[in-house]
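Note that these values count all heavy atoms, side chains included, but never hydrogens, waters or copies made by symmetry.
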Amino acid sequence: MFGPQTRILNITAAGCDCYVAAGSRLVLEGRFGVEEAAEYGTFIASRRGSVFAVLADLLEEDFRQETLPFLRGRARSQILDRRMAQTYRDTPFHSTASIGREASGRRDERVQMIALTNAQLLNLWLSPLAAAGVRVSSLHSPPTATPALLRAIARRTGAAPPRVLVVTVNRSGLRQTLIEADVPRFSRLAAVAGPGDEPNEFAANCLTEVNKTQQYLVGLRLIPRDARLATLIVAPPGHLAAWSRPGLLVDAVDPTLIELGTACAAAGLRKVSAAAGVANEDGCADALWAHVLAHSTPRMSLAPGWLREAHRLWQTRVGLWLGGAAVMLGGVAFGLERVVQADALAGEAVELSSQSRQNVRNYERIKAGFPPLPATAEQLKASVTAFEKHAGRSVTPGGLLAEIGQVLERAPELSIDRLEWLQSSVPEDTIQTAGARQGMPAAAGSAADAPPERFEIAVLHGSLAGEAASSPRSALDTAERIADALRGIRGSRVAVLRAPVDVSPQGRLDGTDNPGTAEAVPTDRMALSLRISRRIGPER
């Protein structure tokens, strides 16, 4: 069994009973009278490892409804504590529950206050618990535990209506509690003789008390005068027929009866036994209340802070221990994950090392099959690097020729006979001059690692025809206009290699190639040669 045992103390005016919960079973371990305080202290000290829940079924109870300003958070807690301290000066055993807001006006909050006023009797049983450091989880009375009881037996009785009167026969007497929206609004403990051999008389006496309670609730305006009061009655075992007789309840009471054994089975209580030398009260519902508290914690608790101090410290220790265990388990899981990953990485490293050795062997085998070369590997690498640099500086003639074509589209008078394109380090080169320089040593650069400038050069050979060739003056103007248009190409240098008219001192204005001849040439066609060059590179 994991965790500490759960024990329930049932405090009544006659004494204190101790139950120990074991799943669906309850064992009545001890029963102590008011005069047995020493035996009770010894009993409690021997069971310090348990967690105790306390049920106080006493006559001295107080139920009040107060109206407070509607607040939230810390301000609400402060005003509630101040009001409770003013109202219940002689007892610390109290609690509150909100029952909604008023429908008009400031819409103040309505608060139900509950208190156990016989603090002297409670301290007789609770002070030894605090002195022994016993862990007390909560303190309840049957009214505050009634909502938990209704939920426990709901599978046999169905869901409880919004307002219901719950009637049980306890060791202290006949307990009647009015529950409205899960909040106890009123409770009454009537002193009646225990169930004996006269079930009809006992049932008549108990139901008479129920009728009185209904009239009292109407007088307190807790229920409307013309409304029927839903009432759940838990009858003692074997007394269901006596409690079901007609005429015992007034018409304003709408009863639902369930036998105590059926209620215990619905709540999951299978067996109630008593320790040796302890007498068990048959027919009372005290064991049912103890079972409910052992398996659920009602929302309202009447325990003051000093009574729950040992339990809170234990909860803190358990929380720290669980947190440390979670961190430790997380660290172990993280470490195991890293170990698995390290093992996987080691396997991958071995595999990659084997593959690397295999690749080296394959490379050596392939290299051994290469034919012998006059150049070393370093020379081949330098050659490839130089080729890549040269290839990066090389261009195709398409770009420059396309731009030249766009310019010549606006000069239809020029007819192209031949086109030359080349790359050179000298922008004034032509096919003839570049061929003449072959075999000559290259000029040294400004720096050993500075690449020489490269130029792309286009040479146009053509002739002027039509009106442009009608006169030397017209031919020269046309040639100059075409050259100026070609100079508009980005980064270009344009030179006229051959003008349509020889204007040198040795020539004549005849448009011929040989200025010394006097042969007649046709004046409607004049030759023209142009050279366009620009530097190869990103900045042209």
With no hydrogens and no angle check, do the side chains of [X] and [Y] hold a donor and an acceptor under 3.5 Å apart?
X    : Y    : answer
S138 : S301 : no
Q215 : N211 : no
R135 : S50  : no
N170 : T168 : yes
E109 : S98  : yes
N10  : D286 : yes

Ring pair (Phe, Tyr, Trp, His ring centres under 6.0 Å) filter on H291, not counting sequence neighbours, yields H295

Sorted by chain and number, sequence neighbours left out, ring pair (Phe, Tyr, Trp, His ring centres under 6.0 Å) with F43 holds for F32

So, do [X] and [Y] sit near enough that their side-chain heavy atoms are less than 4.5 Å apart?
X    : Y    : result
D108 : L68  : no
F63  : L178 : no
R7   : V54  : no
H239 : S244 : no
R299 : P147 : no
Q78  : R74  : yes

Could you give me the CA-CA distance, side-chain angles and deciding distance for V210 and L165, then say whether side-chain contact (heavy atoms from CB on, under 4.5 Å) is met? CA-CA 9 Å; V210 173; L165 180 67; 4.3 Å; yes

With rounding to the nearest 0.5 Å, note down the distance linking [atom1] in [X] to [atom2] in [Y].
X    : Y    : atom1 : atom2 : answer
T297 : H140 : OG1   : NE2   : 6.0 Å
I179 : T146 : CD1   : OG1   : 4.5 Å
F186 : E61  : CZ    : CD    : 9.5 Å

What do you reckon, is [atom1] of [X] surrounded by more than 12 foreign heavy atoms closer than 6.0 Å?
X    : atom1 : value
Q120 : CD    : no
D90  : CG    : no
R89  : CZ    : no
E351 : CD    : no
E39  : CD    : yes
R338 : CZ    : yes
Y216 : OH    : no

With sequence neighbours left out, the residues meeting salt bridge (charged side-chain N to carboxylate O under 4.0 Å, His left out) with K212 are E209

Sorted by chain and residue number, the side-chain contact (heavy atoms from CB on, under 4.5 Å) partners of I258 (sequence neighbours excluded) come out as R156, T157, L232, V234, T262, A263

Residues passing the side-chain contact (heavy atoms from CB on, under 4.5 Å) test with Q65, sequence neighbours excluded, are I99, R110, Q112, R185

Do NZ/NE/NH1/NH2 and the carboxylate oxygens of [X] and [Y] come within less than 4.0 Å?
X    : Y    : result
R175 : D57  : yes
R171 : D17  : yes
E364 : K367 : yes
R151 : D182 : yes

All heavy atoms of L58 vs all of T12, minimum pair found to be CD2-C, 3.6 Å

Assess whether ring pair (Phe, Tyr, Trp, His ring centres under 6.0 Å) is satisfied between Y88 and F93, documenting all intermediate values. CA-CA 9 Å; Y88 303 111; F93 309 107; over 10 Å; no

* Check whether NZ of the Lys or CZ of the Arg R107 lies under 6.0 Å from the centre of the six-membered ring of F70 and within 45 degrees of that ring's axis. => no

Evaluate the criterion salt bridge (Lys or Arg N to Asp or Glu O under 4.0 Å) for residue pair E378 and K381; output intermediate values, then yes/no. CA-CA 5 Å; E378 288 75 12; K381 182 177 179 181; over 6 Å; no

Anything under 3.5 Å between a donor and an acceptor, one on a side chain of residues 307-330, the other on a protein residue two or more places apart or in another chain? List them.
residue : atom : partner : partner atom : Å
R308    : NE   : S137    : O            : 2.8
R312    : NH2  : G305    : O            : 3.2
T316    : OG1  : R312    : O            : 2.9

